[in-house]
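Following: one structure in structure tokens, then a few remarks.
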Amino acid sequence: MTSRLAGLLHRRGRSSRLKRRLAALFLAIALLPLLPTTAQAADPPTPPPSAPAARSAVAAMQPGWNLGNTYDAIPDETSWGNPPVTRELLKKVTSQGFRSIRLPVTWGVHQGAAPDYTIDPAWMAKVRQVVDWALDEDLYVMINMHHDSWMWVNNLSADHDAVLARYTATWTQVAAEFRDEPSKLVFESINEPTFSGTSSDDDNYRLLAELNRVFHRIVRESGGKNAARLLVLPTLYTNADQGRLDALAGELTSLRDPMVATTIHFYGWWPFSVNIAGYTRFDATSEQDLTGTFDRVYNSFVERGIPVIIGEYALLAYDHNRPGIIERGEVRKYFEFLGDHARRRKLTTMLWDAGQFLNRNTLQWRDPELFAQIKSSWTTRSGTASSDMVFLPKSSAVTSQTLTLNPNGTDFQGLRHGSRNLLKGKDYTVSGNQLTLTAVALTELAGDRNYGVDATLEARFSRGVPWRIDVISYDSPVLSDAAGNTGGLTVPTRFRGDMPATMEARYDDGSNAGPASWTPYQQWDTAFSAYTGDSIKLTSDFVNSLKDDSRVTLTFHFWSGATATYHVVKTGDTVTGSTA
């Protein structure tokens, strides 16, 4: 992912200044529906439909997978933590049902000086090898110009001729290298285009249209199979706001090329995708953001015969190295819903995988249950529930617990624990969509009631994959006093089976405290984290954002529904924390 503009937010090696800029950009995008907008053109452009061959190719690319943080990594393929690509990796991807890969490539760090901007032959050979391996596995392959978008292409407005000359030289070499490759090789003009030094979106649209025209001319004039190769053009920022879609529609109207497709990226409703502002669940707001995005793309392009590729999708904060930012069941709901709606809207999806899904050292899925959910969503729906956790207070008697089932068009068929089917009436009851686990069943499942997961159930439905339900014994977490400095504060915590969901921060006057001053609910990782079993950590960004000698009340919200109140005061370079 990118620069998925998004992916950069948690890429290893990115500068904090860039992270802040990207965070601000995503906040602005997330809040666009709340802001006044200028009137859209009454009659947006109506581009001609793509050729049947283009539509068929994009359909055949579903589903797709990104070889992320590899050939886009800076300066080399292993620089961001992934091992060198092997043919076995591509065989694995194919065996898992993927029919295409997106190969993000950053060219600029492997180029010589002006005027030729010669691409290092060894680098070109590496890219060529992976392309050939993938084609041999009968995969479609989409290659692009990736982090170049923010490294030098973004200067097009200020340094127009030099940037355009380099862009031209780069694509001229790439087009020549691959001119005779099979039609299953696809070119994407630029990743997440963004421009600096511009004064309006109209300026940005004009610059992107110029880049896409140059790309189109270079590839088509290079001959060979490039004369009819499928070309993929992005919206500004690969964002799906209607103005971005209309601008790209205007470009397609001018090009009148039947072998084109369009692309956007999608990482979910931003507050949910990074866990900020209290959006800890995949709720109606997140659903509406997704359906609105996919519906606009469908109406603007697919319905008019122009295929669309969601070139990157995931969640911004989903990372195996940072568990807990987005709760596991909420992650599953998101991917289940996304796969279904993309299928309904005939969108080809390409999972952004920088190593957080498929472990490239072992070639095993880091979370097989999650991947099973993603894979199932390509063809059908799965039932879910209001939660994948049932909490039993250890300090009190076990009572019955109720969850709301979300059948999603399926039929609920029962509960299973290991190899045993639970008995309806004795172990659980169902009334409408209300699933109640009886106190008798929960007492048995809880066993000796050690803190944490005591038992795992499967709710089974007529289609799709089962829904996991963990039975958890817990008591309210206990926090202890602590001292730290502007480097951060580590708060000793006995979680006692519970897990944090979010953190609320307010000054005594009721105003918000923390880096995100617009909300009391601060962002996981930016303001706080909890990756170990013994503490919650307040970050240096959080501590340094605080006013001197002004008490801050933190309210930690846990998934059981419990809360814990904690006080923090910063004085100069020191910070102290105390229980309420």
Side-chain angles (χ1 to χ4, degrees), residues 1 4 6-7 10 62-69 82 89 92-98 101 266-269 272-275 279-283 286-287 290 310 312-343 349-389 403 406 408 410 416 453 456-461 463-470 472 499 501 524-525 531 559:
M1 155 178 37
R4 35 192 191 177
H10 63 77
Q62 171 65 12
W65 179 83
N66 273 268
L67 186 63
N69 278 22
N82 280 310
L89 170 63
K92 175 70 174 185
V93 169
T94 305
S95 74
Q96 299 302 291
F98 292 101
I101 67 165
F266 188 77
Y267 286 94
W269 170 240
F272 167 69
S273 193
V274 300
N275 191 344
Y279 284 92
T280 57
R281 293 188 179 274
F282 183 64
D283 61 6
S286 292
E287 285 190 8
L290 188 153
I310 302 180
E312 297 179 12
Y313 79 96
L315 286 165
L316 294 179
Y318 179 80
D319 189 336
H320 71 282
N321 288 316
R322 302 177 302 157
I325 301 180
I326 306 173
E327 196 274 324
R328 181 192 60 214
E330 304 305 313
V331 170
R332 283 192 57 182
K333 290 179 197 176
Y334 166 81
F335 281 106
E336 193 280 332
F337 190 88
L338 184 151
D340 173 71
H341 205 67
R343 181 162 38 85
T349 58
M350 307 188 86
L351 179 68
W352 177 262
D353 191 355
Q356 73 270 43
F357 294 100
L358 180 61
N359 184 328
R360 297 190 202 163
N361 291 297
T362 66
L363 298 185
Q364 300 298 315
W365 296 105
R366 297 185 188 275
D367 186 341
E369 187 178 82
L370 174 58
F371 178 67
Q373 180 71 84
I374 292 171
K375 186 172 184 177
S376 177
S377 76
W378 300 336
T379 56
T380 191
R381 293 219 67 173
S382 297
T384 67
S386 53
S387 179
D388 62 342
M389 298 177 289
L403 297 173
N406 306 314
N408 296 327
T410 71
R416 192 172 182 86
V453 177
T456 296
L457 308 179
E458 283 188 347
R460 298 197 166 195
F461 298 85
R463 298 195 310 277
V465 297
W467 178 253
R468 172 176 176 164
I469 302 172
D470 285 341
I472 301 169
M499 293 159 280
W524 190 306
D525 253 14
Y531 298 129
W559 280 107

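The chain is numbered in sequence order, starting from 1.
Under the 4.5 Å side-chain criterion, counting only non-hydrogen atoms from C-beta, Trp65 is not in contact with Met350. Within the 4.5 Å cutoff, no side-chain heavy atoms of Phe461 are placed close to those of Pro466. Residues Asn359 and Trp365 have side chains not in contact (no heavy-atom distance under 4.5 Å, counting atoms from C-beta outward). Considering only heavy atoms from C-beta on, Ile325 comes within 4.5 Å of Tyr531 through its side chain. A heavy-atom distance below 4.5 Å is found between the side chains of Leu315 and Phe272. Within the 4.5 Å cutoff, side-chain heavy atoms of Val93 are placed close to those of Ile101. Residues Trp524 and Val274 form no side-chain contact, since every pair of their non-hydrogen atoms from C-beta on lies 4.5 Å or further apart. Side-chain contact between His320 and Asp367 is absent, with no heavy-atom pair separated by less than 4.5 Å.
Looking at residues two or more places apart in sequence or on another chain, you find a salt bridge (charged side-chain N to carboxylate O under 4.0 Å, His left out) between Arg343 and Asp340.
Here the side chain of Asn66 pairs no donor or acceptor atom with the backbone of Gly68 at under 3.5 angstrom. Asp470 contributes no side-chain N or O that, together with a main-chain N or O of Met389, makes up a donor-acceptor pair within less than 3.5 Å. A donor-acceptor pair under 3.5 Å is formed between the side chain of Lys92 and the backbone N or O of Leu363. In this structure a side-chain-to-backbone donor-acceptor pair under 3.5 Å is missing from Glu312 to Phe266. When atom types are taken as modelled, the side chain of Arg281 and the backbone of Ser387 share no donor-acceptor pair closer than 3.5 angstrom. Proximity of a side-chain donor or acceptor of Ser386 to a complementary backbone N or O of Leu403 within less than 3.5 Å is not detected. Between the side chain of Asp353 and the main chain of Leu358, a donor-acceptor pair closer than 3.5 Å is present. One N or O on the side chain of Lys333 and one on the backbone of Ala385 form a donor-acceptor pair closer than 3.5 Å.
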Leu89 and Leu67: CA distance, side-chain angles, deciding distance, side-chain contact (heavy atoms from CB on, under 4.5 Å) verdict: CA-CA 10 Å; Leu89 170 63; Leu67 186 63; 3.7 Å; yes
Worked verdict on Val331 versus Leu370 for side-chain contact (heavy atoms from CB on, under 4.5 Å): CA-CA 8 Å; Val331 170; Leu370 174 58; 3.9 Å; yes
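Side-chain contact annotation: Thr410 with Arg463, donor-acceptor N/O pair under 3.5 Å absent. Between the side chains of Thr280 and Glu330, no donor-acceptor pair is found at a separation under 3.5 Å.
Taking CG from Asn275 and CD1 from Ile326, the interatomic distance works out to 7.0 Å, rounded to the nearest 0.5 Å.
Residues Phe357 and Phe371 place their aromatic rings such that the two centres sit no closer than 6.0 Å. With ring centers used as reference points, Tyr267 lies 6.0 Å or more from Tyr313. Taking the six-membered ring wherever Trp is involved, the centroid distance between the rings of Tyr318 and Tyr334 does not fall below 6.0 Å.
With respect to Glu458 and Arg468, no salt bridge is recorded, no charged nitrogen being found less than 4.0 Å from a carboxylate O.
The minimum heavy-atom distance between Val465 and Ser376, with the atom names listed, is CG1-CB, 3.8 Å. Closest non-hydrogen pair, Asp388 versus Glu327, comes out as OD1-OE2, 2.7 Å.
Ser382 pairs with exactly one of Arg332, Gln373, Glu336 by the side-chain hydrogen bond (donor to acceptor under 3.5 Å, both in side chains) rule, that one being Gln373.
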